Amino acid sequence: ASVLASLAASTGSSLVGHISAGTGAVATTVQAELRTSKKVSQFGTVQQAFDHCIANNFDLEVDQLYALTAAINIDRLVDGAAYDNYFRVFTNNGGGFVVNSAIAMFSSSIAFTTFPISQLVFFDGLTFIGNSGASYVLNDGRFLRSRFDKCNFDKILCCNSAIYTQSIYITNCNIRRIVGTFWTSTAQCYDFKFIGNIVEAVSGDLLRLSHPIGCAIIGNLLEGVSGTAVVYNGASGFRISGNYFESNGLDIDGTGVVQANGVSIEGNYFSHSAGASNPLTYSVVWGNGDPTGCTSTGNYHNARMHNFPVA
């Protein structure tokens, strides 16, 4: 009976041995083996799960959909020596987060002024479900050097940053039923990459980038955006390549007041439902002033390709 009681205790798994199959495997315990991976369900709250994994350098598995009523803080100090590797937040079974109010899912408790404060977060395969234009995944521009891969965004915006953003990569994601602007950078935007995503049914604009610097929009499906798919104001090295644009209000708008330098629009497919029958339908509207070092090559369109407004 005492043995059974010991095994039934919270420390019972430490009394059971475990060894992996294969030459050179080292004996350990069931407890040690289970503790090599962390799941949100193993903790009392979602915040406790994040805090523990960040403090102990674990990745975190999100093992179901969790409803959030307040932002989860991810405190990984920018340029802090303890945070030089990615913190991966992932799922193996469709896990993610849901909000039903006007909040951001992720923030940071580190003091925030005019610079990003938390770094190297990797959201991998998660589902984010929001409240039709009132909720965001990220709180302002608090995150640096972070990425989303194979994530699902449903009725939720990603970020509205009033400070500069840098090294944000959004790749291979599914983005749909968005109300508002999915990503907004109202200050300079460095090294923003939007690659290989499927975007459909957006009520508003998709991307609004203020002076993209070393940024790229590559290989995406961009369809059914009621506003404009890509809006930029000035640029210093901005590549828009290999995208499929269909039935958007406007595809690319660079009519901001800042001069654009080094914008490359290449190998895109542009299709408008009105086609050439509408004389106001253009695929690309260039900026006021004198765009410099800009190119357009190898694109297809079924309407009018370029519009150069008078400054």
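Computed from a predicted structure; not experimentally measured. Because only heavy atoms are used, hydrogens play no part in the values below, and waters and symmetry mates are left out as well, while side chains stay in.
Closest heavy-atom contact between Val99 and Ile156: CG2-CD1, 4.2 Å. Taking all atoms of both residues into account, the shortest heavy-atom contact from Ala70 to Ile103 is N-CD1, 3.7 Å. The minimum heavy-atom distance linking Leu209 with Phe192 is given by the pair CD1-CD2, 4.1 Å. Between Ala216 and Ile218, the shortest heavy-atom distance links the atoms CB-CD1, 3.7 Å. Taking all atoms of both residues into account, the shortest heavy-atom contact from Phe143 to Ile168 is O-CD1, 3.7 Å. Nearest heavy atom pair, residue Gly141 against residue Ser161, reads CA-OG, 3.3 Å.
Under a 4.0 Å N-O distance rule, the pair Asp79/Arg145 qualifies as a salt bridge. At a threshold of 4.0 Å, the pair Glu200-Arg177 does not count as salt-bridged, since none of the basic side-chain nitrogens sits closer than that to a carboxylate oxygen. By the 4.0 Å N-to-carboxylate-O rule, Asp154 lies too far from Arg176 to be salt-bridged with it.
Counting only N and O atoms by type, the side chains of Asn131 and Asn100 include no donor and acceptor under 3.5 Å apart. Between the side chains of Ser167 and Asp191, at least one donor-acceptor pair of N or O atoms lies under 3.5 Å.
With hydrogens and angles disregarded, a donor-acceptor distance shorter than 3.5 Å links the side chain of Asn233 to the backbone of Val258. No donor-acceptor pair closer than 3.5 Å links the side chain of Asp149 to the backbone N or O of Cys173. Using modelled atom types, no side-chain atom of Asp51 and backbone atom of Ala49 make a donor-acceptor pair closer than 3.5 Å. When atom types are taken as modelled, the side chain of Asn299 and the backbone of Gly267 share a donor-acceptor pair closer than 3.5 angstrom. Of the possible donor and acceptor atoms, one in the side chain of Ser226 sits under 3.5 Å from a partner among the backbone N and O of Gly204. Side-chain atoms of Gln188 never come within 3.5 Å of backbone atoms of Ile213 as a donor-acceptor pair (strictly under, hydrogens ignored). Side chain of Tyr66 to main chain of Ser41: a donor-acceptor pair is present (N/O by atom type, distance under 3.5 Å, no hydrogens or angles). Here the side chain of Asn243 pairs no donor or acceptor atom with the backbone of Asn268 at under 3.5 angstrom. Checking side-chain atoms of Asn174 against main-chain N and O of Asn152 turns up no donor-acceptor pair under 3.5 Å.
Interatomic distance, OG of Ser108 versus CG of Asp75, reported as 3.5 Å (0.5 Å rounding). Within the model, atoms CG of Asp124 and OG1 of Thr91 stand 9.0 Å from one another, a figure rounded to the nearest 0.5 Å. Taken to the nearest 0.5 Å, the CG atom of Leu206 stands 11.5 Å off from the CG atom of Asp251. Taken from OH in Tyr190 to OH in Tyr164, the straight-line distance is 8.0 Å, to the nearest 0.5 Å. Taking CG of Leu144 as the start and OG of Ser118 as the end, the distance is 9.0 Å to the nearest 0.5 Å. Interatomic distance, CG of Leu250 versus CG of Asn307, reported as 9.0 Å (0.5 Å rounding).
At a threshold of 4.5 Å between non-hydrogen side-chain atoms, the residues Phe58 and Phe87 do not count as touching. With a 4.5 Å cut-off on side-chain heavy atoms, Tyr169 and Ile195 do not count as touching. Annotation: side chain of Thr184 is in contact with side chain of Thr186 (closest heavy-atom distance under 4.5 Å). A heavy-atom distance below 4.5 Å is found between the side chains of Leu222 and Phe194. By the 4.5 Å heavy-atom criterion applied to side chains, Leu221 and Asn197 are not counted as neighbours. Using a 4.5 Å heavy-atom cutoff, the side chains of Phe245 and Val225 are not in contact. Put simply, the side chain of Ile110 reaches to within 4.5 Å of the side chain of Leu77, judged on heavy atoms. Side-chain atoms of Cys189 and Cys215, non-hydrogen and from C-beta on, do get closer than 4.5 Å to each other.
Within 6.0 Å of NZ on Lys193 lie more than 12 heavy atoms contributed by other residues, nucleotides or ligands.
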Handout entry: side chain to side chain donor-acceptor pair (under 3.5 Å) assessment of Thr45 paired with Gln47
Key = CA-CA 5 Å; Thr45 67; Gln47 185 65 66; over 6 Å; no
Practice task
Evaluate the criterion ring pair (Phe, Tyr, Trp, His ring centres under 6.0 Å) for residue pair Phe153 and Phe148; output intermediate values, then yes/no.
Solution key: CA-CA 10 Å; Phe153 295 84; Phe148 298 86; 5.5 Å; yes
Practice task
Take Phe43 and His52 through the ring pair (Phe, Tyr, Trp, His ring centres under 6.0 Å) test and state the conclusion after the steps.
Solution key: CA-CA 9 Å; Phe43 296 85; His52 175 84; 5.2 Å; yes
Problem - Check against side chain to side chain contact (heavy atoms under 4.5 Å, CB included), Glu246 and His272 - result: CA-CA 6 Å; Glu246 181 180 343; His272 295 272; over 6 Å; no
Practice task
Any chance you could lay out the side chain to side chain contact (heavy atoms under 4.5 Å, CB included) test for Ile175 and Ile198, step after step, and finish with the verdict?
Solution key: CA-CA 6 Å; Ile175 302 166; Ile198 295 176; over 6 Å; no
Practice task
Go through Phe97 and Phe106 one step at a time and tell me if the ring pair (Phe, Tyr, Trp, His ring centres under 6.0 Å) criterion holds.
Solution key: CA-CA 10 Å; Phe97 302 94; Phe106 301 102; 5.4 Å; yes
Practice task
Evaluate side chain to side chain donor-acceptor pair (under 3.5 Å) for Gln259 paired with Asn261, printing each intermediate quantity in order.
Solution key: CA-CA 7 Å; Gln259 178 175 301; Asn261 299 278; 3.2 Å; yes
Practice task
Starting from the C-alpha separation in whole Å, work towards a yes-or-no answer on ring pair (Phe, Tyr, Trp, His ring centres under 6.0 Å) for Phe238 and Tyr232.
Solution key: CA-CA 10 Å; Phe238 186 25; Tyr232 67 95; 5.4 Å; yes
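Asp205 is linked by a salt bridge (charged side-chain N to carboxylate O under 4.0 Å, His left out) to Arg208, counting only residues two or more places apart in sequence or in another chain.
Linking Ile, Leu, Val, Met, Phe, Trp and Tyr residues whenever their side-chain heavy atoms come within less than 4.5 Å leaves Ile170 and Leu120 in two separate clusters. In terms of hydrophobic clustering, with Ile, Leu, Val, Met, Phe, Trp and Tyr side chains grouped at heavy-atom distances under 4.5 Å, Tyr300 and Ile240 are assigned to different clusters. Ile217 and Val231 are assigned to two separate hydrophobic clusters, defined by single-linkage of ILVMFWY side chains at heavy-atom distances under 4.5 Å.
Between His306 and Trp286, the ring planes are tilted. Angles from 30° to 60° get that label.
Under the 6.0 Å distance and 45° angle rule, Arg88 counts as a cation-pi partner of Phe90. Note that Arg142 lies in the cation-pi zone of Phe112, set by a 6.0 Å cut-off to the ring centre and a 45° limit from the axis.
Each of Thr165, Asn160, Val137 was scored for a side-chain contact (heavy atoms from CB on, under 4.5 Å) with Trp183, with one residue passing: Thr165.
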